[in-house]
Amino acid sequence: AISRAMRALFLSLLLVSLFVRAFTVPSVWPQPRSLLSGSEQMSISAVTFHFKTASRSGILHRAIKRYEDIIFCVATPGHSSDLPYLTIKVGTDDETLQLGVDESYSLQVNANGSMLQAPTVYGALRGLETFSQLIHYDRASHRHVIEGCPIAITDQPRYPWRGLLLDTARHYYPVKAIKHMIDALSYNKMNTLHWHLVDAQSFPMESKRFPEFTRRATYAPEAKYTFADLHDIVRYGQDRGVRVVPELDIPGHAYAWGLAYPELTAKCPSYEHNVNNIPLNPTRNHTYAVLQGLLSELSAHFPDACVHTGGDEIVFGCWLEDDAISSYMQQKGIEPEGLLQEFESKLQSLVAQQHRRMVVWEEVYKHHCALRPGTIVQAWRSTKMLHSIVKAGHYGLLSAPWYLGKQVPVKHSYHYEWVDTWKDFYHADPEETAGGGTVDNAHLILGGEACMWSEQVDESNVESRVWPRACAVAERLWSAKSVKSAEEATPRLTDQTCRLKRRGIRSGPIKPGNYCPIVQAP
C-alpha cells in the first residue's frame, strides 16, 4: 500500500504538473498585444494540413507557400493531424504597401476551426508569421505540434515604421545578402528596409542619366546595383511586407560624387584627408540638375512614398575653404547654415516634384531649415532630440539608442559580452523621458530604426552583428509599451534566435547552453 506521505507527494506533483501545463504560453516574437492560451497539445501534419483562403492576392499565396516550407522544415512520417486547416480571411486584396498600412490581425487555433483574419494582406502576413512560431517539431514523437491550445491572439503594431538601416556604400552587399536581410526583417515583423545606398566611399547605384557614377565611383564594375536589381529587391520586400526606402545622403558625405563628376563637390584641400568631410557644392545650378535627374530615377524604381535625403554631418569648414562657395555666401550675406537652409529648400522642391515625402537626419531640423508639412526627421544622437522634433510639430523617427555597431550604444551602460547590448536596445523607448513625464505630440512619433553602418561589416558578418540584437528593437516598436522586462523576454528571445537560425539567418546566441537542434544551412 502507498503510504499517506507518498500519496500526498504524488498528488502534490500531479497538481504542480497540471498547474504548469494549464499555463503553457506559446513563445511568440514580438510579443502580441493579447494572447490567451489553454493547456492542450495539437499535432499538425504536412500530409493533411492545408491553408484555406478565398483571397486572390498573389502576395498572400506566395507567402502561404513559403510558410508551408518553414513550418514543415523536418520531414516526418505521415500521421493524422489534430489541426486540419487554417482559414485565412482578408478584408481586401489591395497589395499597396505604404507607411501606415494596416498590419493588425487576429488568430484563433483550436480543433473546431482555426482562423486568421486581417483587414489587409499585410496583416495576414504578420499573422502567418505568428502562426508559424506557434509550431515546433517534437523530437520525441516525431511530430509537429502546437502547445497551449486553444489559442486566441489579437495583435497590432505600436508604431507604423519599424525598420533597419543597411549601409551598402561603405561595403558592397550582393543582392542575395540584402534579400536575406529582408527575410529576417519579416520574421521579426519589421516592415522597413532603409537602404543607405550611397555615401562618401562609393556610389553603387546605377544611373542611366549619369553613367559616370557607376564607372568611376564603385569599388569594381560588378559592385553596383542595376535598375533590375533595384526592382528585384523592392518586389522581394513587398512580397514580405517590407517597404524599401532609399537614401541619398546629401549634401554631406559626397566625396564619391566628385569621383564621377568633380564639379559637383566642394574644393577644400585641408579637409580631404577624410573623405567624409567633402560635401556637394550647393551653389551650382548643375548640382540641382543632377539631383533632379537622380530623384526622378529613384522614383521610377522605388514606389514608396518616402525618400531619405540625408542631411547629416555637413562640414561647414569645407564650404568656407572653397573660394567660389565662400564668395557666393559673401554675396548673399549668409553663413554656412544659411547655405544649408537654401540647399534644403531647393531640395524639398525637387522631392515634391516627384510626389515624394522627404525624410532627413536631425541636423536639417537642428540648423533651422524650413521643413514642409509631412517631412519626417530621424533622430540619431539622442531620444531628447526626437522629443524636440515632435514638440516642434514634425514627424519623428528614433535611431539614437539602436546603433548596432557601437561598443557602448547607451552611455554608461557596459557589458562584458557585447551581445548583451540587446538589453540596452530593449529598454530604450521612443517615449521615455528623463523625468518620467509625457512627450508632447507623442502621436507624431512614427517609430524607429536599428542602424547597421558598414565600416567594419560586410556580407560575411552582417547577420550576426544585426541578429538577434535587432530583435529587441523589433519588439520595442511592435509590442505594447508595458512589455519591457528583458528578464521575461530572454526565454522568448532565445527561442527566436534559434528560430532564425533554423530559417538560415546567422543569428547568434544570447546566453550559454541554449542548444538549437535542426539548424538548416542557409
Side-chain angles (χ1 to χ4, degrees), residues 167-172 195-226 230 246-298 307-329 332 334-347 350-351 360-361 363-364 367 453-455:
D167 168 16
T168 61
R170 291 184 174 91
H171 280 98
Y172 173 80
W195 191 355
H196 189 84
L197 266 165
V198 302
D199 210 291
Q201 288 75 13
S202 72
F203 195 114
M205 185 188 77
E206 180 183 35
S207 170
K208 298 294 187 185
R209 298 189 184 190
F210 308 103
E212 293 304 307
F213 281 125
T214 48
R215 288 176 185 165
R216 298 178 181 271
T218 59
Y219 296 118
E222 67 276 11
K224 65 182 179 182
Y225 303 105
T226 65
L230 304 183
E247 179 185 356
L248 295 178
D249 192 2
I250 47 177
H253 296 273
Y255 177 81
W257 298 59
L259 293 177
Y261 299 96
E263 69 277 10
L264 292 178
T265 52
K267 304 300 181 284
C268 50
S270 69
Y271 288 89
E272 290 176 355
H273 63 281
N274 183 347
V275 297
N276 292 300
N277 290 339
I278 310 303
L280 292 175
N281 183 339
T283 68
R284 292 173 56 89
N285 291 333
H286 180 57
T287 299
Y288 298 97
V290 172
L291 289 176
Q292 183 179 38
L294 290 173
L295 287 169
S296 177
E297 289 182 315
L298 275 182
V307 60
H308 205 304
T309 58
D312 65 317
E313 299 181 319
I314 304 103
V315 179
F316 287 157
C318 183
W319 281 347
L320 289 169
E321 188 173 298
D322 184 300
D323 290 340
I325 297 175
S326 182
S327 175
Y328 179 91
M329 287 191 289
K332 289 259 189 172
I334 58 175
E335 298 295 325
E337 185 175 74
L339 183 58
L340 176 63
Q341 293 167 359
E342 179 183 291
F343 172 83
E344 292 294 337
S345 177
K346 293 179 179 179
L347 180 59
L350 296 178
V351 171
V360 296
W361 293 110
E363 284 89 335
V364 178
H367 288 299
W453 301 101
S454 296
E455 286 89 346

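Positions are given from 1, in the same order as the sequence printed here. As a basis for the values below, the full set of heavy atoms in this structure was taken, side chains included, without hydrogen atoms, waters or symmetry mates.
- Pairing each heavy atom of A217 with each of A256, the nearest pair is CB-O, 3.4 Å.
- Scanning both residues, L197 and T168, for their nearest heavy atoms gives O-OG1, 3.7 Å.
- Judged by distance alone, the side chain of N277 and the main-chain N or O of Y271 form a donor-acceptor pair under 3.5 Å.
- Contact record, Q201 with Y219: CB-OH, 3.3 Å, taken as the closest heavy-atom pair.
- The side-chain heavy atoms of R215 and E212, taken from C-beta on, include a pair separated by under 4.5 Å.
- Between the side chain of Y288 and the backbone N or O of P282, at least one donor-acceptor pair lies under 3.5 Å.
- Closest approach of C268 to E321, counting heavy atoms only: C-OE2, 3.0 Å.
- Within a 6.0 Å sphere centred on CD of E335, other residues, nucleotides and ligands contribute 12 heavy atoms or fewer.
- Legend: residues meeting side chain to side chain donor-acceptor pair (under 3.5 Å) with Q341, ordered by chain and number and at least two apart, are absent.
- Between H308 and W361, the ring planes are tilted. Angles from 30° to 60° get that label.
- Between the CG atom of N281 and the CD1 atom of I325 there is a distance of 3.5 Å, given to the nearest 0.5 Å.
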Please step through side chain to side chain contact (heavy atoms under 4.5 Å, CB included) for the pair I278 and V315, ending with a clear verdict.
CA-CA 7 Å; I278 310 303; V315 179; over 6 Å; no

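- E363 places a side-chain N or O within 3.5 Å of a backbone atom of E313 that can act as its donor or acceptor partner.
- Atom CG of N274 sits in a crowded spot, with more than 12 heavy atoms from other residues, nucleotides or ligands closer than 6.0 Å.
- Across every non-hydrogen atom of D199 and A169, the tightest pair is N-CB, 3.3 Å.
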Kindly determine whether T214 and E206 satisfy side-chain hydrogen bond (donor to acceptor under 3.5 Å, both in side chains), including the steps that lead there.
CA-CA 6 Å; T214 48; E206 180 183 35; over 6 Å; no

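- Of all heavy-atom pairs between D167 and S454, the closest is O-OG, 2.7 Å.
- No side-chain heavy atom of I250 sits under 4.5 Å from any side-chain heavy atom of V198.
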Take T309 and L248 through the side chain to side chain contact (heavy atoms under 4.5 Å, CB included) test and state the conclusion after the steps.
CA-CA 5 Å; T309 58; L248 295 178; 5.8 Å; no

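- Checked against the 6.0 Å centroid criterion, the rings of F343 and W319 do not qualify as a close aromatic pair.
- Using a 4.5 Å heavy-atom cutoff, the side chains of H253 and D312 are in contact.
- Looking at E297, its side chain does come within 3.5 Å of a backbone N or O of K208 through a donor-acceptor pair.
- Counting heavy atoms from C-beta outward, M205 and L230 have side chains that approach closer than 4.5 Å.
- Aromatic rings of F316 and H367 (six-membered ring for Trp) have centroids within the 6.0 Å cut-off, being under it.
- Within 6.0 Å of atom OH in Y255, 12 or fewer heavy atoms from other residues, nucleotides or ligands are found, so the atom counts as exposed in its surroundings.
- In this structure, T265 contributes its side chain and P279 its backbone to no donor-acceptor pair below 3.5 Å.
- The OG1 atom of T287 sits 13.0 Å away from the CD atom of Q292 when rounded to the nearest 0.5 Å.
- Counting only heavy atoms from C-beta outward, the side chains of V307 and E247 never approach each other to under 4.5 Å.
- The shortest side-chain heavy-atom distance between P246 and L298 falls under the 4.5 Å cut-off.
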Dump the intermediate steps for salt bridge (Lys or Arg N to Asp or Glu O under 4.0 Å) on E272 and K267, then the final yes or no.
CA-CA 9 Å; E272 290 176 355; K267 304 300 181 284; over 6 Å; no

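- Using the six-membered ring where Trp is involved, Y261 and F213 have ring planes that are perpendicular, over 60° apart on the 30 and 60° scheme.
- Side-chain contact annotation: E342 with Y328, donor-acceptor N/O pair under 3.5 Å present.
- Between R209 and S296 the shortest side-chain heavy-atom distance falls below 4.5 Å.
- By the 4.5 Å heavy-atom criterion applied to side chains, H196 and W453 are counted as neighbours.
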